[in-house]
Amino acid sequence: MTDDKRPARVPLTSGLVDSLKEGFFPEIQAAVSGLLSGTRSFYVFFVLSLLTIVAASIGGLDAVRIGYHHAYNVTREIPWGILISTYIFFVVTSTGLCIVSAIGHVFGMKDFMPIVNRAVFLSVVTIFAGFTVIFFDIENPFTMAIYNVLSPNVASNLWWMGTLYGAYMAFMAIEFVFLLLENHKFATYAGLAGFLTGVAAHSNLGAIFGMLHGREFWYGPYMPIYFIASAAMSGGAAVIFFTMIGYKVNDELMEAPMKRALEAVSKLTAFMISVILFFTTWKIITGLVGAPGKKAVIMATLNGPYAINFWVFEVLLGMAIPLALLLSSRFKNLKMSFLASVLMIIGIFFMRYDLVVLGQVVPAFHELGVNEFQGLHPYMPSFHEIMIVIGGMGIVAAGFLLGERIFKGHKSSH
Amino acid sequence: MKKYFAFLLTAVFFHASAAHVTLAAPEETGHGGDIIYTKPVKGVLFSHANHVEAVGLSCDSCHDTIFPMEARAVQKNKDFTMASLYKGKYCGACHDGSMAFASNTQCARCHIGVKGFERLQKKSK
Amino acid sequence: MFKIENLKKESLGKLPLLERREFLKMGFVVTGVFAGGSILSLVSNAEKVFASAGEFAEKYPYKPHYSMVIRQNLCIDCERCLEACRTTNEVPDYGYRTAILEKHVPEAVGQKTEFIPVLCMQCNDPPCVRACPTKASYKDEVNGIIRIEKKKCIGCKVCMVACPYNARYFNNETRAIDKCDFCFETRLSKGEKLTACSAVCPTGARTFGDISDPSSEVYRMVHQLQKRVWVIRAEAGTKPNVFYMKS
């Protein structure tokens, strides 16, 4: 917060901040010089991420050319596949980054301050990646831009989700600009606005599923609550993951305040994992009684076609191993925290996938016992769908790496 | 002799019509196998096995009085309808509610529909 | 001699009446439809209480309130309805607005198969309409048919996910969600009285009409106590306007 704490970092930040104050042209100069001064690992990863974006763009455009109904494996019965789940994966991460950053920046927990700039920046990058992925899922995205405004349905969770996330992205971007300008008063206001719209948007995303009364697996208040809790968990993992890699690509040694911040985030993450474990446990136990459609899904996850997704990815990689790593290292060993965050991000990707697909696998007419709808509906992502998912990852990677260089490791005056 | 000839004709007819279900030759089963009508509506199954083996009817219970030997010949007739059945013609001769279940009940017992028709076609291929 | 089996049978037959009375006690009037123990829509109307079983729902929210009664046992899967629907409504080969489902019950005595025609249930409380972000899916204010305003459809497919009846698909030719509209655009709006499927059905399995009109066939089929009338997935709470029964 005060100048006496930051002399060591002045050379890193002053360039951009000064250039912003001086005008546009020096800013570009600073950005370019920042880019060129990168480490070798930076260039390797950056070129790789650009390549994935190029490859995915070709895949995405090809999907547009041949038509989504040919390119994607989604069906009448399972209209939402991996593109929707990946969109959710990105916006959950974004909302989580916003929540974790707000703990420091909006709610004033000092230990969290050092991670704020990077988290806010990445919340914008991840939601942009999410929007890009869903752009390739929605059949008429340009119609959406028009009729979301001209013909809003305020009873629709999807309308609220889209509209609020649009506002959220703007607030987070504004917050980031104010953070760069070191205007912390306005940055906090923007951060608060971003936090509120983010939580509202994200719980509405959960409510899209929770308010579908024809879908037993989703229906109920569980979804909006779960979405917010799991966002905080994802945000923790993302902060640890990207901060650690950031220091790697910048080839810098981590300062003590940042270490303390990551320890604090690790504690929060471990706590949120416990919350989600608790939620998941009760979701399963309650699902084992009553509604037969729900029970069929629960059995498919426990001991059926989705058992590997659930036990290996969701439970072991997503929660159990990370929690064990974090607890056993007493949050002090950042390498363990990093490993935990990597495993969590993989596991969480599967959590989103399972959540979206499993809500649709039970046939609408399963209780009729008709020949057409015996067993669960199948779904496997197509090549085009996977390409677009990889493209989304590429956008996050490229955005993250660019941010590290342009904003020089997201050092701030906190 | 006449009957034998009719059987032969039936067999030839079966082999000639690829679009229709090919069935076990009458020589092997001793009866005409499954007959599937496609007119006036698609997918009505008459099972010789059921009527001959399970119920124990003989050929001359129906042939050539109610039905000619040639399979599906009756579906060319304009009056091969449910209304005729209710008047005691064709299947309705027995399916009157006293000898066998009435032809205005249990529709899907004989009407196997397009789905049943296509399934049998697939099976015979 | 008192036999519990007899008692059960008897009370089952009276169940609809009893349930109805329970609702009336609660101060509700059955205004949508009452069907074999499933109450399909309710409007609070404390001052109006029916005394006898013969008096039924008088109020329907739409005029005409289009409805279809499917006599399930009459369906023989000849699929003329499916053909008529395709040609009338230009349904592409990868989609359908109505389907016939087949159910095998091997342990049944006699007939072991039944066919169940399904289509959009034109719900009174439609999840698809609530879920649609741009009001592209809407319930016609006059006749209650769930319709699509194609130009507003963004193709997000949330309505497909929301529908408990698998009644929707994305039509790549029109670039919008497509679904059964009781042939409103192709027939009813042009003066026809029946949907293509009900007009072509040779057995009368699909009866179409205005259920708010007591002289209509659909009204008389639903408002009786002799035969059970039901809706598919009543538990989803969508109050469908497509009813099922056996003749």
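By convention in this document, chain letters (A, B, ...) are assigned in the order of the sequence lines, proteins followed by strands, and residues within each chain are numbered from 1. Below, all heavy atoms of this structure are taken into account, side chains as well, without hydrogens, waters or symmetry copies.
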Please flag which part of C/I177 lies under 4.5 Å from any non-hydrogen atom of chain A: side chain, backbone, both or neither. neither
Pick one of side chain, backbone, both or neither for C/N172, based on which atoms fall under 4.5 Å of a heavy atom in chain A. side chain
Under 4.5 Å heavy-atom distance to chain C, tell me which part of A/L368 shows up: side chain, backbone, both or neither. both
Region of C/E235 in contact with chain A, defined by heavy-atom distances below 4.5 Å: side chain
Taking side chain as everything from C-beta outward and backbone as N, CA, C, O, which of these in C/I116 sits under 4.5 Å from a heavy atom of chain A? Side chain, backbone, both or neither. side chain
Contact class of A/T75 relative to chain C, heavy atoms under 4.5 angstrom: backbone
Could you tell me whether C/K135 atom NZ has more than 12 heavy atoms of other residues or ligands within 6.0 Å of it? yes
Any side-chain to backbone donor/acceptor pair from C/N166 onto A/P363? Under 3.5 Å, distance only. no
Pairs of heavy atoms under 4.5 Å with chain C: top-ranked of A/Q360, A/E77, A/E216: A/E77
Which one, A/W159, A/W80, A/Y68, leads in non-hydrogen pairs under 4.5 Å with chain C? A/W80
Assert top hit (heavy-atom pairs under 4.5 Å, partner chain C, pool A/G369, A/S156, A/P152) equals A/S156
Applying a strict 4.5 Å limit to non-hydrogen atoms, the region of C/R175 in contact with chain A is both
With a 4.5 Å heavy-atom cut-off (strictly below), which parts of residues 371-383 of chain A touch chain C? List them by number. A/N371, A/E372, A/F373
Contact class of C/F170 relative to chain A, heavy atoms under 4.5 angstrom: side chain
Partners of A/Y219 by side-chain contact (heavy atoms from CB on, under 4.5 Å), sequence neighbours excluded? A/H213
Any idea which heavy atoms bring A/P79 and C/V161 closest together, and the distance? CG-CG2, 3.6 Å
Is the number of heavy atoms from other residues, nucleotides or ligands within 6.0 Å of CD (C/E90) greater than 12? no
Would you say A/S151's side chain and C/T134's backbone share a donor-acceptor pair under 3.5 angstrom? yes
Minimum side-chain heavy-atom gap C/K152-A/I146 below 4.5 Å: no
Chain A contact via C/V118 - which portion, at a heavy-atom distance below 4.5 Å: side chain
So CD1 of C/I232 and CZ of A/F365: to nearest 0.5 Å the spacing works out to 5.5 Å
Out of A/V149, A/I138, A/I134, which one racks up the most heavy-atom pairs below 4.5 Å with chain C? A/I138
For A/N140 and C/C153, the nearest pair of non-hydrogen atoms, with its separation, is ND2-O, 2.8 Å
Taking A/E367, A/H69, A/R76 one by one, which has the highest count of heavy-atom pairs under 4.5 Å against chain C? A/R76
Is A/W160 in contact with chain C via its backbone, its side chain, both, or neither, using a 4.5 Å heavy-atom distance? neither
Heavy-atom cut-off 4.5 Å, strictly under: side chain, backbone, both or neither for A/M161 against chain C? neither
Give a yes-or-no answer on whether the side chains of A/N153 and C/R130 include a donor-acceptor pair shorter than 3.5 Å. no
